[in-house]
Amino acid sequence: QKEVEQDPGPLSVPEGAIVSLNCTYSNSAFQYFMWYRQYSRKGPELLMYTYSSGNKEDGRFTAQVDKSSKYISLFIRDSQPSDSATYLCAMLIQGAQKLVFGQGTRLTINP
Amino acid sequence: DTAVSQTPKYLVTQMGNDKSIKCEQNLGHDTMYWYKQDSKKFLKIMFSYNNKELIINETVPNRFSPKSPDKAHLNLHINSLELGDSAVYFCASSQDSGGYGYTFGSGTRLTVV
């Protein structure tokens with residue numbers, strides 16, 4: 001079993017829809033939770049990070065962490081075609097210096 | 001001004017050859033990493049260096065040898081390339097253990113033929 005599980009999709013939604021992306025994990029020692037966006041033929045870029053449980057909002061993006069369920073989510077409101085990319089969740093144990101990634105979900109927003 | 005830069009972007013080479021990939025970061029970060037992304041987009045850590053010292057070597061074949069001449073540079077040398085080494089290799093850097101995230105380079109697409 002992988003430490004971090006993420007449905008690879010692909011996920012296709014119409015422009016303007018609310019998108020929900022999720023990851024589950026098995027290691028309760030993870031403390032830092034991140035979402036990366038990767039456009040085709042580019043490197044991953046950090047979208048959001050959170051520490052421990054709770055919600056964090058940044059513009060159209062909201063990250064949620066539920067440590068009791070070992071479940072994290074990324075919500076995208078008012079989705080745009082420019083949001084089409086692969087979204088990767090990633091997690092870190094404090095001091096471990098090793099970011100563990102989910103497989104990534106390929107998202108397409110259709111105009 | 002690119003924060004983490006890798007060269008080359010593309011590398012096509014024959015089986016059995018030896019090749020190197022270079023990485024430089026201008027963010028002043030202490031820690032640098034090599035990650036491998038396979039055809040299914042799964043990103044897996046290979047090595048991490050903190051201030052020129054090897055911290056993580058994640059059961060990578062010893063044909064892969066990282067070298068960090070200073071904390072701003074981390075190179076990857078691969079001996080006797082195999083078909084299965086074909087992948088995209090990403091360099092990344094972070095401040096300390098990376099709780100605020102890593103900054104990735106744009107990747108080196110290695111194809112072994």
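Please read these numbers as outputs of a predicted model, since none were measured by experiment. Both backbone and side-chain heavy atoms feed into the values below; hydrogens, waters and symmetry mates do not. Letters A, B, ... mirror the listed sequences (proteins, then strands); counts begin at 1.
With a threshold of 4.5 angstrom between heavy atoms, A:Leu88 approaches chain B through side-chain atoms but not through N, CA, C or O. In this structure, chain B has no heavy atom under 4.5 Å from any part of A:Ala90. Looking at A:Pro8, neither its backbone nor its side chain comes within 4.5 Å of chain B, counting heavy atoms on both sides. For chain A, the nearby part of B:Tyr10 is the side chain; its heavy atoms alone come within less than 4.5 Å.
Note on B:Ile45 and B:Ile21: separate hydrophobic clusters, where clusters join Ile, Leu, Val, Met, Phe, Trp and Tyr whose side-chain heavy atoms are under 4.5 Å apart, directly or indirectly. Note: the hydrophobic cluster containing B:Trp34 also contains B:Leu54 (ILVMFWY, side chain heavy atoms under 4.5 Å, direct or indirect links). A single hydrophobic cluster is not seen to contain both A:Leu74 and A:Phe101; linkage of ILVMFWY side chains at heavy-atom distances under 4.5 Å, directly or through other members, places them apart. A chain of hydrophobic side-chain contacts below 4.5 Å, direct or via other Ile, Leu, Val, Met, Phe, Trp or Tyr residues, connects A:Leu11 to A:Ile76. Hydrophobic clustering (ILVMFWY, side-chain heavy atoms < 4.5 Å, transitive): A:Leu46 and B:Leu43 are in one cluster.
The residue among B:Phe104, B:Tyr35, B:Phe90 with the most heavy atom pairs within less than 4.5 Å of chain A is B:Phe104. Interface check for chain B: of the options A:Gln94, A:Glu45, A:Arg41, the most heavy-atom pairs under 4.5 Å are formed by A:Arg41. Of the listed residues A:Gln6, A:Gln38, A:Lys2, the one with more heavy-atom pairs under 4.5 angstrom with chain B than any other is A:Gln38. For the set B:Ile56, B:Val4, B:Asp38, the count of heavy-atom pairs under 4.5 angstrom toward chain A peaks at B:Ile56. Ranking A:Arg106, A:Gln31, A:Gln103 against chain B, the residue ahead of the rest is A:Gln103, based on heavy-atom pairs under 4.5 Å.
Around NZ of A:Lys56, the count of heavy atoms belonging to other residues, nucleotides or ligands within 6.0 Å exceeds 12. Annotation: B:Lys22, atom NZ; neighbour count of heavy atoms from other residues, nucleotides and ligands within 6.0 Å does not exceed 12.
Under the 3.5 Å distance criterion, the side-chain polar atoms of A:Tyr36 are matched with a main-chain donor or acceptor of B:Tyr102.
Of all the heavy atoms in A:Lys98 and B:Glu58, the pair that sits closest is NZ-OE2, 3.0 Å.
If you take CG on A:Leu92 and OG on B:Ser94, they are separated by 8.0 Å, rounding to the nearest 0.5 Å.
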